[in-house]
Amino acid sequence: MKVRTTLKTGCMLAALALAGCASGPSGGIYVPIGAEPARAPEPPRTGTAEEEPPVWRKSEQPEVAPVPQEAPRTRSPSYSESGEGLSPAALSLVHDADRLLGQGDTAGAIAQLERAQRISPRSAEVYFKLSEAYVANDQLGAAEQFTLKGLSLAGNNTRLQRAGWLLLADIRRARGNVAGADQAEARAAAL
């Protein structure tokens, strides 16, 4: 009898514990079919309505003066009318290269001229000097390419253009391109 009473009391306590877990402070978690679920309370507001930025309708917005439009920019072409001059550092490297060429050190001269090219990449004179160094090193293909690049950068400087065309004529004649050499000399004579 005592065991039976203890078992009944235990079952009742277990049922009460389950019922207590099933319901929270705002009601049970089980919502009967057709009933609205309980709504969560709104979070507290930190500011007042006066601190919120005003909402402007399109018709209520203040008028803003129109911004004057800029005239379309004209871009200068990638080439320049006159070749870029040599910077003092590049000029010093060109003088060093001339000295090295005079001593027969063509590899050293080419190295100095490549440094000058990095300093003044749009100088036709550097490309012509590089061409002369490659001619001295018996690399006529590279020399012709550097001469053509120098001619493209010479702009309207007739002295540089003439020197470039004559250099190109010599290189082409050394490569066996007599017709190309004659054309280059004709271009130099036309200047």
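Heavy-atom basis, side chains included; hydrogens, waters and symmetry copies ignored. The shown structure was predicted, so the numbers you read here are calculated from the model rather than taken from an experiment. Count residues from 1 along the sequence.
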message: To the nearest 0.5 Å, what is the distance between CZ on R115 and CG on L93?
response: 5.0 Å

query: Is there a side-chain contact between T147 and W165, using heavy atoms and a 4.5 Å cut-off?
result: no

query: Okay, side chain of S87, backbone of A90: is any donor-acceptor separation there less than 3.5 Å?
result: yes

task: Quick one: pull up CG in L153 and CZ in F128 and give me the separation to the nearest 0.5 Å.
output: 8.5 Å

field: Euclidean distance, R99 CZ relative to Q112 CD, rounded to 0.5 Å
entry: 7.5 Å

- prompt: Checking side-chain hydrogen bond (donor to acceptor under 3.5 Å, both in side chains) for the pair N137/Q139: CA distance, chi angles, key distance, verdict?
  reply: CA-CA 6 Å; N137 205 25; Q139 292 176 299; 3.2 Å; yes

- prompt: So among N157, L191, L167, which one has a side chain to side chain contact (heavy atoms under 4.5 Å, CB included) with R162?
  reply: L191

- request: Kindly compute the distance separating CZ (R122) from OG (S152), expressed to the nearest 0.5 Å.
  value: 7.5 Å

message: Could you report the tightest heavy-atom contact between Y127 and P121, atom names first, then the distance?
response: OH-O, 3.2 Å

For A143 against S131, the heavy-atom pair lying closest together: O-OG, 2.9 Å

Under 3.5 Å, which donor-acceptor pairs link side chains of residues 172-180 to any protein atom two or more places apart or in another chain?
{"from": "R172", "atom 1": "NE", "to": "E144", "atom 2": "OE2", "distance (Å)": "3.1"}
{"from": "R172", "atom 1": "NH1", "to": "G180", "atom 2": "O", "distance (Å)": "3.3"}
{"from": "R173", "atom 1": "NH2", "to": "E185", "atom 2": "OE1", "distance (Å)": "3.1"}
{"from": "R173", "atom 1": "NH2", "to": "E185", "atom 2": "OE2", "distance (Å)": "2.7"}
{"from": "R175", "atom 1": "NH1", "to": "E144", "atom 2": "OE1", "distance (Å)": "2.7"}
{"from": "N177", "atom 1": "OD1", "to": "G180", "atom 2": "N", "distance (Å)": "2.8"}

message: Do L130 and E114 have side chains that approach each other closer than 4.5 Å (heavy atoms only, starting at C-beta)?
response: yes

task: Over all heavy atoms of both residues, which pair between I171 and L140 is shortest? Give the atoms and the distance, please.
output: CG2-O, 3.7 Å

Test item: K129 and D98 side chains (from C-beta on) under 4.5 Å apart, heavy atoms: yes

task: Would you indicate whether the side-chain heavy atoms of L168 and L151 approach each other to under 4.5 Å?
output: yes

message: If hydrophobic clusters are built from ILVMFWY residues whose side chains come within less than 4.5 Å, do L148 and L160 share one?
response: yes

message: So which atom in A181 and which in A169 form the shortest heavy-atom distance, rounded to 0.1 Å?
response: CB-O, 3.3 Å

message: Taking salt bridge (charged side-chain N to carboxylate O under 4.0 Å, His left out) as the definition, give me every residue that meets it alongside R118, ordered by chain and number, with sequence neighbours left out.
response: none

query: What do the steps show when you test Y134 against I110 for side chain to side chain contact (heavy atoms under 4.5 Å, CB included), and what is the final call?
result: CA-CA 7 Å; Y134 277 108; I110 289 173; 3.6 Å; yes

- prompt: Nearest 0.5 Å, what's the OG-CG distance between S123 and L86?
  reply: 3.5 Å

task: Might you point out which heavy atoms bring A136 and L101 nearest each other, and give the distance in Å?
output: CB-CD2, 4.0 Å

Minimum heavy-atom distance between V126 and A116, given as atom pair plus value: CG1-C, 4.1 Å

statement: Contacts of E132 meeting side chain to side chain donor-acceptor pair (under 3.5 Å) (sequence neighbours excluded), chain-then-number -> none

